[in-house]
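These numbers were taken from a predicted model, which means no experiment stands behind them.
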Amino acid sequence: EFGDAARPILTEVLKSADSEKRKLAVAILGQEALTITADLLRSRNCDDAWLGITILSDMELVVTRAYLTELKSMLVCYAN
């Protein structure tokens with residue numbers, strides 16, 4: 001574990017445009033990455049919600065495409 005001090009840094013890495021960096025942050029955060037992603041998906045802010053979808057897309061080994069497609073169709077957010 002990297003500890004609490006690393007969490008803000010890893011959360012910022014999750015926002016990276018580089019999918020490899022996001023995947024690394026997910027691997028380091030483990031289960032906590034799902035908690036962060038769930039919070040993003042609940043947001044009414046479109047950027048946050050789409051970031052949640054993007055992070056889930058990076059978890060392709062555990063999140064199926066069919067689930068992502070369904071989730072995208074259900075997404076409700078407000079323009080930023």
Side-chain angles (χ1 to χ4, degrees):
E1 284 192 32
F2 285 81
D4 291 337
R7 187 177 194 269
I9 296 166
L10 292 170
T11 301
E12 285 302 311
V13 174
L14 282 176
K15 296 177 183 178
S16 172
D18 184 334
S19 68
E20 294 305 315
K21 287 181 181 180
R22 286 192 311 269
K23 288 177 185 181
L24 177 61
V26 165
I28 293 169
L29 287 166
Q31 183 69 28
E32 192 171 351
L34 291 173
T35 302
I36 293 167
T37 302
D39 290 342
L40 290 168
L41 289 170
R42 284 189 211 102
S43 175
R44 293 292 184 173
N45 177 294
C46 283
D47 290 341
D48 289 349
W50 279 107
L51 177 58
I53 295 285
T54 301
I55 294 168
L56 284 178
S57 297
D58 291 338
M59 298 179 190
E60 60 192 334
L61 294 175
V62 291
V63 180
T64 66
R65 285 191 193 272
Y67 179 74
L68 285 170
T69 301
E70 180 73 20
L71 199 55
K72 286 176 186 178
S73 73
M74 295 170 39
L75 188 66
V76 176
C77 62
Y78 299 104
N80 301 333

Which residues share a salt bridge (Lys or Arg N to Asp or Glu O under 4.0 Å) with E70, sequence neighbours left out: none
Do M59 and W50 land in one hydrophobic cluster if side-chain heavy atoms of ILVMFWY residues count as linked below 4.5 Å? yes
Pairwise distance NZ(K15) to OG1(T54) - rounded to 0.5 angstrom: 13.0 Å
Name every donor-acceptor pair, under 3.5 Å, that has one atom in a side chain of residues 25-40 and the other anywhere in the protein, sequence neighbours excluded.
unit_1: E32; atom_1: OE2; unit_2: R7; atom_2: NE; d: 2.0
unit_1: E32; atom_1: OE2; unit_2: R7; atom_2: NH2; d: 3.3
unit_1: T37; atom_1: OG1; unit_2: A33; atom_2: O; d: 2.7
unit_1: D39; atom_1: OD1; unit_2: R42; atom_2: NH1; d: 2.9

What one should report as the nearest heavy-atom pair of S43 and A49 is O-CB, 4.0 Å
With the side chain counted from C-beta on, respond yes when L56 and L68 share a heavy-atom pair under 4.5 Å apart, and no when they do not. yes
Per the side chain to side chain contact (heavy atoms under 4.5 Å, CB included) rule, which among I55, L51, D58 passes with L14? I55
So which heavy atom on S16 is nearest to which on K21, and how close? OG-CD, 3.7 Å
